[in-house]
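The analysis underlying the following values was restricted to heavy atoms, covering all of them including side chains, and did not include hydrogens, waters or symmetry mates. A note on names: the letters A, B, ... follow the listed sequences, proteins ahead of strands, and every chain is numbered from 1.
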Amino acid sequence: MNQPVGEKWILKLYIAGMTPTARRALANLQAICEEHMAGSYSLEIIDLVESPALEDGEQIFAVPTLVRHLPPPLRKIIGDFSDTEKVLVGLDVKPISRS
Amino acid sequence: MTSLKTASRSASFPKVPTGIPGLDEITEGGLPLGRSTMICGGPGCGKTMLGMEFLVRGARDFGEAGLFISFEEEKQCLVDNFSCFGGDLEAMIEKRLLKVTQIDLSAAEIIEAGSFSLDGLIAHIEHDIKTLHVKRLVIDSLDALFSAMARTDILRHEFSRLLRWLKSKGVTAVITGERGVDSLTKFGFEAYASDCVILLDHRINEQISKRRLRIIKYRGSSHGKDEYPYLINARGFSVLPVTSLQLNFTAESGWVSSGIKDLDKLCGGNGYYRGSSILLSGKAGTGKSSLSSAYASAACLRGEKCLYFSFEESEEQLTRNMLSVGIDMAPLLKQGLLNIQAFRPNYRGLEEHLFEMTAAIEAFQPTCVVIDPITNFVSVGTCEEVKSMLTRIIDHLKSRGITMAFTALTPGSGRPDETETDVSSMVDTWVALDLKLVGNSRRREIYVVKSRGMKHSHEICELEMSKHGFSLRSLAKEQIA
């Protein structure tokens, strides 16, 4: 995935095989990204089954895990992203809603 | 070797030897092969240590590759810490016999947004199984993982799945977990997820730190049921020896001289049985150290090795003092036949002593051992503890066919104290020394109180010691005269 300059969000999605959960997570994530960050994000998908030699890189243990490299700080969002609210908080798309 | 014996006894149930001294004995061969073992205990009890030792010894002693997954300590910290315990972890990592993977749960803020699985972790482990042929795995710790996640229900389910998956791969796993309030682990995992549960307990009693290990359960296998003292020191993790569960020592044949011809006669003719235990008791100044030195030097003069634990005199003092009774230890020390280990008992705790002593015995491989005196241990433990420690020492030495002499100080009253009475029931031969006031001088007296399996004399003799050596003079005639 090429990353044009000026991207606000640089994201990496880790999965372990294209399981139903992974598929669901990807669909949920793409929907959220397109709705809230269209044109200003890059999303790389890394399958741990295919390229497991990550060593101590991102230290992924749960899947799916979305790692937000930009904007800082580094943040990990774990799950199938069915909880849209939490994903948005995690991506800093909108401020934490205080109830 | 005992480990081979235990392994063959439980051949029906495949086990993985940990290589940790003592632990393989009480588990009767090691941890269950291809299954998971839970190590639980409070903070600082040595869970991580036990886990790492399992891998390090597996790599070093059995050539099996191990993977350590740390959710807690930093990788470099772990490697540095454990390199102090004799294992060169860097070298093992280089040889691909060990891998330490740290999963830092605090590095990035974790947000949970929906259901997840532990397939990420499984993918890593699977990769290492394929490339490094990992046979042993440690996950340290359950608590670090569980406290980082909110959805513990999912995690619990996933962790059980992980354990089942490991089982299918034939990997022997050790999982560490903090002890809970009402259950062995905070997350109650021991109830269903582990085939073997080992509890580590670190307590402070009268300002003395005590560590105890207990096997709570071991599916499909018998195991030692007691609490066993364990130690963490420069040599790593060890469970205290190795009290044989049965009295199945082979009775050694042959004799060991007491070093004094007359005393040999008093005992029945030839001295002590080889591989037996001898107690030399008496008040201060009755000649206990002299007698044990005679026994020690006699062994060395026969060309055997003797290890002398001296808790009151230094090597120099003992060597010098024994010259006065005609025993020259210097050449024996020089030849490497005699080894004197002198230290103060209160320098260490009882268990550490026991461990250091057994380690010294293993290293020197003597046929004769002297502990002079055992009564000094009372300063570092209760009577019951000293007794239990002595039982362990006696067992340890007997199982190796080593002949051992202990000296015990009797208080001035001449009445045998508690330790002495207790010890005397454990030993095979008991020789008592006494000082009697005769006219204006004091006379040394010696007699054999008991000697199992020997026709010993009941006579009380006078013991004479000079630079020409020892001699016993019968007092019977004198009394008649």
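In this structure, A:Glu34 places its CD atom where more than 12 heavy-atom neighbours from other residues, nucleotides or ligands lie under 6.0 Å away.
Residue A:Phe61 holds its CZ atom at 14.0 Å from OG1 of B:Thr101, rounded to the nearest 0.5 Å. Distance check, rounded to the nearest 0.5 Å: OG1 of A:Thr65 to CD of B:Glu112 gives 10.0 Å.
A:Thr21 and B:Ser115 get closest at one heavy-atom pair: CG2-O, 4.4 Å. Closest heavy-atom contact between A:Ile77 and B:Ala113: CG2-CB, 3.9 Å. A pairwise comparison of heavy atoms in B:Ile111 and A:Arg75 identifies CD1-CD, 3.5 Å as the closest pair. Taking each heavy atom of A:Leu48 and B:His124 in turn, the nearest pair found is CD2-CE1, 4.4 Å. Taking all atoms of both residues into account, the shortest heavy-atom contact from B:Gly120 to A:Val63 is N-CG2, 3.6 Å. Taking both residues in full, the closest heavy atoms of A:Gln59 and B:Ile103 are given as O-CG2, 3.6 Å, listed atom of the first, atom of the second, then distance.
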### Test log, rule side-chain contact (heavy atoms from CB on, under 4.5 Å), inputs A:Ile78 and B:Met149
CA-CA 10 Å; A:Ile78 291 172; B:Met149 307 291 285; 4.1 Å; yes

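Residue B:Leu145 touches chain A through its side chain alone, counting heavy-atom pairs closer than 4.5 Å. Looking at A:Arg24, only its side chain comes within 4.5 Å of chain B, counting heavy atoms on both sides.
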